[in-house]
Amino acid sequence: VELVESGGGLVQAGESLRLSCAATGRTYSRWMGWFRQAPGKEREFVAALKWNGAITDYADSVKGRFTVSGAAATNAVYLQMSSLKSEDTAVYYCAASSSWAVSDSSRVDYWGQGTQVTVSS
């Protein structure tokens, strides 16, 4: 199973960007979502979409600005990022997990290769 991401890039503060992630191969997951890692910092949870009930979960730092969406049938997840800030600059990783725990990176079964998002101020 491989998670393939796309959509990263360089934008100015206040602009928007959309990340995409699709799983190749057969996989079972309870949720898919996104983490990010800035230089010198630990990887942190950003957003997740639970397939059962289409429930979303967000880190406080992105609530109201980011929207996660996707479809279990296609094992795809997206992250629409709006009103981007310089502190959103990081490598963004797609994640899939069969665990009930959403924001715990140690419970992730599959990771994408990462896509760079750079926000200039």
Evaluate the side-chain proximity of [Y] to [X]: yes if any heavy-atom separation is below 4.5 Å, no if none is.
| X | Y | value |
| --- | --- | --- |
| V1 | T24 | no |
| L49 | Y78 | no |
| F45 | D104 | no |
| S6 | S20 | yes |
| E15 | L84 | no |

Hey, does the side chain of [X] reach the backbone of [Y] with a donor-acceptor pair shorter than 3.5 angstrom?
| X | Y | answer |
| --- | --- | --- |
| S97 | W31 | no |
| R65 | S61 | yes |
| Y58 | A48 | no |

For W51, does the six-membered ring have the charged nitrogen or CZ of R30 within the cation-pi criterion, i.e. under 6.0 angstrom from the centroid and within 45° of the normal?
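Pair R30/W51 does not count as cation-pi.
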Over-ring placement of R36 relative to Y93, 6.0 Å and 45° cut-offs
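The answer is no; the distance or angle limit is not met.
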Side chains of residues 69-77: which donor-acceptor partners sit under 3.5 Å, not counting sequence neighbours?
residue : atom : partner : partner atom : Å
T74     : OG1  : A71     : O            : 3.3

Walk me through whether W111 and F35 qualify under ring pair (Phe, Tyr, Trp, His ring centres under 6.0 Å).
CA-CA 9 Å; W111 290 102; F35 286 72; 5.2 Å; yes
Connected via hydrophobic side-chain network under 4.5 Å: [X] and [Y]:
| X | Y | value |
| --- | --- | --- |
| V11 | V46 | yes |
| L3 | L19 | yes |
| V91 | V108 | yes |
| L17 | Y92 | yes |
| F66 | V102 | no |

Assess the side chains of E87 and T89: does a donor N or O sit below 3.5 Å from an acceptor N or O?
no
For [X] and [Y], work out which heavy atoms get closest and say how close.
| X | Y | result |
| --- | --- | --- |
| E5 | G114 | OE1-N, 2.5 Å |
| K41 | Q37 | O-NE2, 3.1 Å |
| A90 | A38 | CB-N, 3.8 Å |
| S86 | S121 | CB-CB, 4.3 Å |
| S16 | S83 | OG-N, 4.3 Å |

Whether over 12 other heavy atoms sit under 6.0 Å from R107 CZ:
no
Disulfide bond (SG atoms under 2.5 Å apart): which pairs involve residues 54-121, sequence neighbours left out?
C21-C94
Looking at CE of M81 and OG1 of T67, how far apart are the two atoms once the value is rounded to the nearest 0.5 Å?
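M81 CE to T67 OG1: 11.0 Å, rounded to 0.5 Å.
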Euclidean distance, L79 CG relative to T115 OG1, rounded to 0.5 Å
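One gets 11.0 Å once the value is rounded to the nearest 0.5 Å.
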Check which hydrophobic residues are tied to Y28 through side-chain heavy-atom contacts below 4.5 Å, counting indirect links as well, and list them.
none
Could you tell me whether D88 and K85 make a salt bridge, using a distance below 4.0 angstrom between a side-chain N and a carboxylate O?
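K85 and D88: not salt-bridged.
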